[in-house]
Structure formats: C-alpha cells, structure tokens
Chemist: 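Once you've had a glance at the structure underneath, I'll fire off some questions.
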There are 2 protein chains.
Amino acid sequence: MPSALRSVRKATCQPTDPSHAGPDLRPVEGPAADEELAALTKAVGHPARVQILRLLVRREACVCGDIVDELPLAQSTVSQHLKVLKEAGLIRGDIDGPRVCYCVEPHALRRLRALVASL
Amino acid sequence: MPSALRSVRKATCQPTDPSHAGPDLRPVEGPAADEELAALTKAVGHPARVQILRLLVRREACVCGDIVDELPLAQSTVSQHLKVLKEAGLIRGDIDGPRVCYCVEPHALRRLRALVASL
DNA sequence: TCGGCATATCGTCTGTCTACGATAGGCACG
DNA sequence: CGTGCCTATCGTAGACAGACGATATGCCGA
C-alpha cells in the first residue's frame with residue numbers, strides 16, 4: 001500500500017501560546033539584528049522549507065509523515081529541512097508517541113516579520 | 001592612501017517612485033508565491049547582503065565604492081553580493097559615469113514584506 | 001589618445017547545501 | 001519480547017555558494 005494513501009493523523013501539539021509573550025524587545029537594527037535576519041531568511045530561503053512552513057501554518061500542526069506525503073522528496077530530505085527550520089527557531093517538534101508533531105513558533109514568525117519590516 | 005579615507009560620493013540615482021505603482025496584485029500564496037518568497041529570502045539570507053540592504057535604505061542610494069569601504073570584504077566579493085541582490089530584483093544599479101549607483105527597489109521590499117506577512 | 005580610476009567578470013579553491021539510500025533508535029501493539 | 005512503524009542520523013555524491021586575486025571593461029580627464 002503506497003504511503004500516499006495514508007490518512008492525515010490528528011495533531012497533538014499546539015503552537016506556543018502567544019498571549020504570554022509581550023512584544024519582542026530586541027532591537028530590529030544593528031549588527032546582531034542583521035545576523036539574526038540573515039539566519040532567519042536563510043532558513044526560509046528554500047522552496048521546500050517555504051512549503052513546509054505554509055503547511056504548518058495552514059494546518060496549525062502536522063505530523064512529520066504527513067509533511068513527507070505532501071512533498072515530492074525523500075523522507076530523509078524532509079527530515080533535514082525540518083531540522084534546518086527547527087535550528088532557526090521557526091518550528092518546534094513535539095514527540096507524540098512514535099511520531100513527531102511539528103508546529104510553527106509564532107513568536108519567531110513575528111520576529112521575522114518585524115526584522116523584514118525594518119528594512 | 002587607504003581606501004578608507006575616501007570621501008562618500010554624492011548619490012545620483014533615486015529609488016523608483018512608488019506612487020506610480022499600486023498595490024501588488026500577485027497572490028501571496030500558491031506555488032508561484034512560494035518560489036518567489038524562497039528566492040527573495042535566499043537573496044537576503046547572508047549577513048553581508050543584509051548589511052548592504054541596510055546601507056542602501058539608510059542612505060537611500062550609494063555608490064558601489066562606498067559599499068566596499070563599509071564592508072570588510074574584497075571589492076570582487078561585494079560586487080558578487082550586489083549581483084545577487086540585483087538578480088533577485090531587490091536593488092537597482094544605475095550607471096553614473098565611471099561609477100555605479102545602487103539603490104533599493106521599494107516595490108520589491110514591499111513584496112517581500114507582503115510574502116513574509118502571509119506566513 | 002592615453003592613463004587611471006571604478007566596477008564587473010573570470011578562474012579557482014574551499015566549504016556548505018541538497019538530495020538520496022541505508023541504517024539506527026524509539027515506541028506501540030500483539 | 002519480538003515485530004513493525006515512524007523518524008532521525010549517517011555516509012556519500014553532486015551542485016552550489018562564498019571568498020579571493022587577477023584580469024577585463026568602460027568612462028572620464030589630462
């Protein structure tokens with residue numbers, strides 16, 4: 001049975017509650033902000049990773065296997081892209097039994113928006 | 001005489017007048033938008049290129065030599081980064097006699113902001 | 001027209017990215 | 001306690017990125 005026929009699994013993790021986090025106080029300019037902006041945009045700067053982000057935003061959360069099913073890439077490749085996004089702080093992965101449930105980090109996205117807006 | 005002592009040259013080019021351009025009608029989602037976002041963020045995703053963009057935004061326009069003076073990189077390296085930004089449509093280079101005057105493309109920045117905001 | 005300055009391009013080296021298959025490890029179910 | 005599924009990691013190969021010096025090009029001024 002091909003994996004494409006697998007059903008979408010229920011997502012168990014939730015994005016970080018943004019109500020606890022006030023506005024980001026870090027500056028949007030200066031050398032540190034430049035490095036941060038470069039690192040974030042570099043992480044986003046690949047079509048597969050953009051697709052993954054969109055998928056997670058649309059579905060709020062998503063099991064790794066579902067992401068693999070949506071992209072025309074090998075499982076190991078998708079896993080590497082997820083790792084890049086996670087190391088950039090843009091997504092989070094919660095272990096859910098035998099699976100891993102990924103979801104976006106809203107405050108990282110807001111930070112990215114703020115940095116891009118400062119350009 | 002070290003190049004660091006050169007004076008800043010007057011910029012002759014101006015950013016594209018944004019008043020002529022209405023809101024960008026292209027969609028901010030879908031496969032084409034994903035590719036576009038990936039290409040733009042990839043171009044921004046390097047510290048030197050972020051610095052160049054910031055420099056151009058701050059000064060509105062800037063001669064290539066001044067950019068070289070501001071960055072700890074060789075002239076050929078800076079020229080390559082400028083080329084990346086230009087091919088992504090983020091900046092424009094106007095020939096001003098023997099020099100080249102670079103300035104940002106405001107509509108490209110707005111487009112980038114819109115795409116990032118759609119995440 | 002010749003010389004010099006500003007910029008772009010070329011050639012090259014090194015390192016990182018991206019892709020894949022193969023393999024390892026962890027958890028649930030029987 | 002084994003077996004099977006899901007995911008991460010390893011190893012590898014090819015493509016790409018980033019840096020530099022050297023060189024080409026193009027424009028002014030003498």
Side-chain angles (χ1 to χ4, degrees), chain A residues 1-13 35 38-39 41-52 56 61-88 91-103, chain B residues 1-13 35 38-39 41-52 56 61-88 91-103:
Chain A
M1 171 171 168
S3 63
L5 296 182
R6 279 192 301 176
S7 62
V8 171
R9 292 161 209 79
K10 191 176 60 174
T12 57
C13 73
E35 290 280 345
T41 50
K42 185 178 182 179
V44 179
H46 190 285
R49 292 196 284 269
V50 171
Q51 286 187 264
I52 291 173
L56 293 182
C62 198
V63 179
C64 174
D66 295 338
I67 304 171
V68 173
D69 289 346
E70 294 276 340
L71 299 185
L73 294 171
Q75 177 265 330
S76 58
T77 306
V78 172
S79 191
Q80 289 211 122
H81 284 303
L82 289 167
K83 187 179 180 183
V84 171
L85 289 171
K86 189 158 65 173
E87 284 176 350
I91 66 174
R92 185 164 47 95
D94 292 338
I95 295 171
D96 171 28
R99 311 184 234 277
V100 178
C101 180
Y102 286 97
C103 58
Chain B
M1 171 176 176
S3 62
L5 296 182
R6 277 193 300 175
S7 63
V8 171
R9 292 164 209 77
K10 191 178 59 174
T12 56
C13 72
E35 290 281 345
T41 51
K42 184 178 183 182
V44 179
H46 190 284
R49 292 197 284 268
V50 171
Q51 286 188 264
I52 291 172
L56 292 183
C62 198
V63 179
C64 173
D66 295 338
I67 303 171
V68 172
D69 290 346
E70 293 278 339
L71 300 184
L73 295 171
Q75 177 264 327
S76 58
T77 306
V78 173
S79 192
Q80 290 211 122
H81 284 304
L82 289 168
K83 188 180 180 181
V84 171
L85 290 171
K86 190 159 64 173
E87 285 177 349
I91 66 174
R92 184 163 48 94
D94 292 338
I95 296 173
D96 172 27
R99 312 184 232 278
V100 177
C101 180
Y102 285 97
C103 58

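Everything numeric in this text was worked out from a predicted model, so none of it was measured. Each chain gets a letter, A, B and so on, in the order the sequences are listed, and its residues count up from 1.
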Chemist: To the nearest 0.5 Å, what is the distance between CD1 on A:Ile52 and NE2 on A:His81?
Modeler: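 Going from CD1 on A:Ile52 over to NE2 on A:His81, the span is 6.5 Å.
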
Chemist: Using 0.5 Å steps for rounding, measure from the CD atom of A:Gln75 to the CG atom of A:Asp69.
Modeler: 11.0 Å

Chemist: Is A:Thr77 close enough to C:dT18 that one of its side-chain N or O atoms is under 4.0 Å from OP1 or OP2 there?
Modeler: no

Chemist: Taking all non-hydrogen atoms of both residues, which atom of A:Val44 and which atom of A:Val50 are closest, and how far apart?
Modeler: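 Minimum heavy-atom contact is O-CG2, 3.2 Å.
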
Chemist: More 5' along DNA chain C: B:Lys86 or A:Pro72, using each one's nearest nucleotide?
Modeler: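 Taking each residue's closest nucleotide, the earlier one in sequence belongs to B:Lys86.
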
Chemist: So which nucleotide from D:dT7, C:dA8, D:dC20 ends up closest to the side chain of A:Val63?
Modeler: D:dT7

Chemist: Tell me whether the OP1 or OP2 atom of C:dC20 has a side-chain N or O from A:Ser76 closer than 4.0 Å.
Modeler: no

Chemist: So, for A:His46 and B:Ala38, which heavy atoms are closest and what is the spacing to 0.1 Å?
Modeler: C-CB, 3.6 Å

Chemist: Identify the heavy atoms of A:Val63 and A:Arg99 that sit nearest to each other, and give their distance.
Modeler: CG1-CD, 3.6 Å

Chemist: Check the distance between C:dA8's P and B:Lys83's NZ and give it to me in whole angstrom.
Modeler: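 B:Lys83 atom NZ is separated from C:dA8 atom P by 10 Å.
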
Chemist: Work out which heavy atom in A:Cys64 is nearest to a heavy atom in A:Leu82; give both atom names and the distance.
Modeler: SG-CD1, 4.0 Å

Chemist: At what distance, to the nearest 0.5 angstrom, does CG of A:Asp94 lie from SG of A:Cys103?
Modeler: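 Output value for this atom pair is 5.5 Å.
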
Chemist: Would you mind reading off the distance between B:Asp94 atom CG and C:dT7 atom P, rounded to a whole angstrom?
Modeler: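 Spelled out: CG on B:Asp94 to P on C:dT7 is 13 Å.
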
Chemist: Nearest whole Å is fine: how far is C:dG21 C1' from A:Leu73 CG?
Modeler: 14 Å

Chemist: Looking only at heavy atoms, which two atoms of A:Gly45 and B:Thr41 are closest? And how far apart?
Modeler: CA-OG1, 3.2 Å

Chemist: Atom CD of A:Gln75 and atom C1' of C:dA22: how far apart are they, to the nearest Å?
Modeler: 11 Å

Chemist: So, is A:Tyr102 close to the D:dC6 phosphate, meaning a side-chain N or O under 4.0 Å from OP1 or OP2?
Modeler: no

Chemist: Within less than 4.0 Å of OP1 or OP2 of C:dA8, is there a side-chain N or O belonging to B:Ser79?
Modeler: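 So the side chain of B:Ser79 is within the cut-off, an N or O lying under 4.0 Å from OP1 or OP2 of C:dA8.
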
Chemist: Report the distance from atom CG of B:Leu85 to atom P of D:dG18, rounded to the nearest whole Å.
Modeler: 11 Å

Chemist: Between C:dA8 atom P and B:Arg99 atom CZ, what is the distance in whole Å?
Modeler: 13 Å

Chemist: In whole Å, what is the span from the NE2 atom of B:His81 to the P atom of D:dG18?
Modeler: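 The distance from NE2 of B:His81 to P of D:dG18 comes to 6 Å, rounded to the nearest Å.
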
Chemist: For nucleotides 25-30 of chain D, give me one character per nucleotide, 5' to 3': B if any protein heavy atom sits under 4.0 Å from the base, S if the only such contacts are to the sugar-phosphate, - if neither.
Modeler: --SS--

Chemist: Each nucleotide N or O in nucleotides 11-17 of chain C that has a protein N or O under 3.5 Å away: list the pair and distance.
Modeler:
{"unit_1": "C:dC17", "atom_1": "OP1", "unit_2": "A:Lys42", "atom_2": "NZ", "d": "3.2"}

Chemist: Minimum heavy-atom separation for A:Arg49 and A:Ala43, please, with both atom names.
Modeler: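 Minimum heavy-atom separation between A:Arg49 and A:Ala43: NE-O, 2.5 Å.
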
